[in-house]
Amino acid sequence: MTDAPAFDALTFENLGVAYRVKGQLRQVLDGVSLTVAKGEAYGLVGESGCGKSTAAFAALRYLPRNGLVNKGRILIDGQDIGQLSGPDLRKLRQFSVSMVYQDPGRALNPSLPIGAQVAEVFELAGVPRAEWPARVHDILAKVQISDPGLVMQRYPHQLSGGMQQRVAIAMAIASNPTLLVLDEPTTGLDATVEAEVLDLIQHLRRELSTAILFISHNLAVIARMCDRVGVLYAGRLVEEARTDQIFASPRHPYTAGLLRCLPQAGRSKDKAMLATIPGFLPSPGSKITGCIFAPRCGLADETCRSQDPAFTRVDGRASKCHYPDRIAEIEAKAEAPFMAAQQSGAAILEVEGLAKSFGKPSQRQRVLRDVDLSLRAGETLGLVGESGSGKTTLARCILGLLTPDEGSQLRFDGQSLAGTTAKRSRDQVKSIQIVFQNPDSALNRAHSVYRMLSRTVGLLVGLRGAARDARVKSLATSVRLTERHLSAVPRQLSGGLKQRVAIARAFASEPKVLICDEPTSALDVSVQAAILNLLAELQATKGVSYILISHDLGVVRYLSDRIAVMYLGQVLETGPAEAVFSGPHHPYTAALLSSAPSLSGPSEDRVRLTGTLPSTANLPAGCVFHTRCPRKIEGLCDRVAPSQIDLAPDHALACHLPPEQLSRSVQV
């Protein structure tokens, strides 16, 4: 008796995928060949628009109606999915392949409780109805949800982002799939929740021997999770190797360019700009002679511009480049550092005793408690902390979109600042602006870039006619937009260009304070570097102050002068950026820093937090962090609120531990 042949979990054979747009086919993937072995984690990286998500949807035959596989084939466990009938395809999706999407809030049904949604997986698998509750309870426990019975009764909006993602993963693994496709599964999650979700995926992979196709623009996450990596550029695979080889010695200039875009430890906005990849991706379906990356490559010569290089494999590595051995010749050509913004030392914004509560008196939720902060002219204050710590609520109170509780004090430029925009002067409203995380939600889809900018200039600045047009063109130039972009609507722009429009609109009223709420979380590393350079340049030239809210600690470290660490509506630590990162620091700060993913892999000194954030309706007594703190002092931390410790000028924290016992962090 012979053994059955062993197949890879996923195989792309010379795959081509195109979309039909206005009667014409636009090629999005072209000649992609890769394999994911059973039990292997394969990472797929590249800029937005390179075709990563198209590859994911093609692997499940989930392409939209105008998409088609027009070249090659896709095999899952040896089966050509393009040849499967409808019933066979449904059976494949039931038992062999699952997908976890980027935004679990949109992937889960808001009208059904969690238990009912997870039970649908077992219903489709033919499990008897009587077994559904027990099966749902067990699968939620498997993804480390501490109280499955309670979560089963809740709706998606009642769960945190990390908890929603755990539910989505539970639904994906309930059928013990052969292949699990993860499309940006940790985007938008804070460092500690991201680390927990990644730990969970690794654990399940070992337990179930599931193959994983992991798609992400976060290179540090890919370095931590994957055995091999494929680099996509404009729909073509340009490099493939083991993860350690890719990050230690890339053999394609595009891969090297992506790595150089990352903020590095010890490099801040005042020392050097981030390296960027010049130019833009070619449009889908573009006819390019020679190497497709040549227009943006520092090594390109006439050979590159006239001859398309072969995808050559040597010693287990593959690269689509004429000169893979010359990658080291490309220097990180960061522009000269900007002159640092002049910081006067005087506070332009002061927050004292800020509190914000929601709900009825009997069910009062205290989201902010006694927050004291100051922002100097020309500086960046980074706000970090887990989701639910109160960062966005604080930003909305400063903007005047939420009214702080009685007794809270806000001062702007030495004058009292009313709690709502309706009671603020026109100059105060103009002087405090915001850039939101998602430009798609912030920009009017029906308006052109020109109309959005001119409307803001007209309403807030009061300019009309030629003066308004000149101001709009000046704003576009300041954020590196061209005149042709002014006539475009948001759907015609990339994510990076849309974020530039949002920044230009925020600067239209010449603000003195700009709140940046996760301005780069959804952007790939090359666009992120360009946006961070832009923010640094505008701050240096215009003297604006930033409040930067971000889960990406590398971004916070690069752009921030000072950092405030928030937990359950309180500030636990404030200080200069390098002092907070290097320590000594609060145990909660240590947990955040040690959880951040790194290209060198997970930290051996990672501080693991147990449990979830307590409810703001029932805050813990004593230190608010003691219920999760691995270094709590029994009988003290759970009873007495700690006093502030001044570690150095401008560096303070609230903790019962003496300074000499506070830890120092790993590099982020």
Rounding to 0.5 Å, atoms CG (Leu108) and CD (Gln165) come to a distance of 8.5 Å
Identify, with sequence neighbours excluded, every residue that meets salt bridge (charged side-chain N to carboxylate O under 4.0 Å, His left out) alongside Arg505.
none
Any side-chain donor paired with an acceptor under 3.5 Å for Asn70 and Gln27?
yes
Side chain proximity check, Leu198 to Thr186, heavy atoms < 4.5 angstrom:
yes
Any donor-acceptor pair under 3.5 Å linking the side chain of His485 with the backbone of Thr482?
yes
Under a 3.5 Å distance rule, please check whether Asp524 uses its side chain to pair with a backbone N or O of Val527 as donor and acceptor.
yes
Enumerate the residue pairs fulfilling ring-ring contact (aromatic ring centres under 6.0 Å, His included) with a member in residues 192-221, sequence neighbours excluded, ordered by first and then second residue.
none
For Asp308, is there an ion pair with Arg236 - N to carboxylate O distance below 4.0 angstrom?
yes
Has the side chain of Ser550 got a donor or acceptor atom that lies under 3.5 Å from a matching backbone atom of Asp552?
yes
Do Ile212 and Ile201 touch side chain to side chain, with heavy atoms closer than 4.5 Å?
yes
Looking at Glu302, I'd like to know if its CD atom is crowded, meaning that more than 12 non-hydrogen atoms belonging to other residues, nucleotides or ligands lie closer than 6.0 Å.
yes
Out of curiosity, Leu219 CG to Arg224 CZ, how far, rounded to the nearest 0.5 Å?
15.5 Å
Atom NE2 in His252, atom OH in Tyr323: separation rounded to 0.5 Å?
12.5 Å
Residues in side chain to side chain contact (heavy atoms under 4.5 Å, CB included) with Asp138, at least two apart?
none
Partners meeting salt bridge (charged side-chain N to carboxylate O under 4.0 Å, His left out) with Asp315 (sequence neighbours left out)
none
Under the rule for side chain to side chain contact (heavy atoms under 4.5 Å, CB included), what residues qualify as partners of Glu40, not counting sequence neighbours?
Val36, Ala37, Asp227, Arg228
With Tyr254 via ring-ring contact (aromatic ring centres under 6.0 Å, His included) - residues at least two apart:
Tyr233, Phe293
Heavy-atom closest contact (Cys321 atom, Pro253 atom, distance)
SG-CD, 3.7 Å
Quick check on Arg451: does its CZ atom have over 12 non-hydrogen neighbours (other residues, nucleotides or ligands) under 6.0 Å away?
no
Could you report the tightest heavy-atom contact between Ala172 and Ser98, atom names first, then the distance?
O-OG, 2.7 Å
Do Asn109 and Ser111 have side-chain N/O donor and acceptor atoms under 3.5 Å apart?
yes
Will you find, in the side chains of Thr255 and Glu239, an N or O donor that is under 3.5 Å from an N or O acceptor?
yes
Which residues pass the salt bridge (charged side-chain N to carboxylate O under 4.0 Å, His left out) test with Lys52, not counting sequence neighbours?
none
Can you measure from CD (Glu207) to CG (Asn176) and round to the nearest 0.5 angstrom?
8.5 Å
Donor-acceptor check, side chain of Glu518 to backbone of His551, threshold 3.5 angstrom: yes or no?
yes
So the ring-ring contact (aromatic ring centres under 6.0 Å, His included) pairs with at least one residue in residues 34-67 (sequence neighbours excluded) are none
For Glu184, all residues meeting salt bridge (charged side-chain N to carboxylate O under 4.0 Å, His left out), sequence neighbours excluded
none
Would you check if Leu259 and Val525 make a side-chain contact, meaning some heavy-atom pair closer than 4.5 Å?
no
Considering only heavy atoms from C-beta outward, does the side chain of Glu120 approach that of Leu112 to under 4.5 Å?
yes
Per side chain to side chain contact (heavy atoms under 4.5 Å, CB included), Val221 is matched among Pro185, Ser598, Pro597 by Pro597
Any pair with a residue in residues 67-85 that passes salt bridge (charged side-chain N to carboxylate O under 4.0 Å, His left out), sequence neighbours left out, goes on the list, sorted by first then second residue, please.
Glu13-Arg73, Asp30-Lys71, Lys38-Asp77
When you measure from the side chain of Asn533 to the backbone N and O of Met273, does any donor-acceptor pair fall under 3.5 Å?
no
What residues form a side chain to side chain contact (heavy atoms under 4.5 Å, CB included) with Phe436, not counting sequence neighbours?
Ile434, Ala442
Passing candidate, salt bridge (Lys or Arg N to Asp or Glu O under 4.0 Å) with Glu240, options Lys320, Arg317, Arg313
Arg313
Under 3.5 Å, is there a donor-acceptor pair between the side chain of Arg93 and the main chain of Arg61?
yes
Do the non-hydrogen side-chain atoms of Leu15 and Val17 ever get within less than 4.5 Å of each other?
yes
Excluding sequence neighbours, so at least two apart, what forms side chain to side chain contact (heavy atoms under 4.5 Å, CB included) with Ala256?
Pro250, Arg260, Ile327
For the residue pair Val479 and Ala504, what are the closest heavy atoms and their distance?
CG2-CB, 3.8 Å
Distance-minimising heavy-atom pair for Leu232 and Val32
CD2-CG2, 4.1 Å
Report yes or no: does Ser526 contribute a side-chain atom to a donor-acceptor pair with the main-chain N or O of Ile277 at less than 3.5 Å?
no
Spatial distance of atom CG (Leu60) from atom CG (Leu89) [nearest 0.5 Å]:
8.5 Å
Are Val181 and Val100 close enough, and set up right, to give a side-chain contact (heavy atoms from CB on, under 4.5 Å), and what steps lead you there?
CA-CA 6 Å; Val181 179; Val100 177; over 6 Å; no
So, for Cys50 and Ala234, which heavy atoms are closest and what is the spacing to 0.1 Å?
SG-N, 3.7 Å
Please answer whether the main-chain N or O of Ser319 pairs with a side-chain N or O of Arg251 as donor and acceptor at a distance below 3.5 Å.
no
For the pair Gln94 (side chain) and Leu124 (backbone), establish whether a donor and an acceptor sit closer than 3.5 Å, ignoring hydrogens and angles.
yes
Side chains of Asn14 and Ser33: donor-acceptor distance under 3.5 Å anywhere?
no
Leu159 versus Gln164, closest heavy-atom pair with distance:
O-NE2, 3.6 Å
Is Leu213 close to Asp183 at the side-chain level, that is, under 4.5 Å between some pair of heavy atoms?
no
Given the rule in the side-chain contact (heavy atoms from CB on, under 4.5 Å) test, do Thr520 and Leu532 qualify, once you have shown the distances and angles that lead to the verdict?
CA-CA 8 Å; Thr520 62; Leu532 293 178; 4.2 Å; yes
Among Ile145, Val136, Val167, exactly one meets side chain to side chain contact (heavy atoms under 4.5 Å, CB included) together with Ile114. Which residue is that?
Val167
Can you tell me how far the CG atom of Asn218 sits from the CE atom of Met225, to the nearest 0.5 Å?
11.5 Å
Between Asp8 (side chain only) and Leu10 (backbone N and O only), is there a donor and an acceptor less than 3.5 Å apart?
no
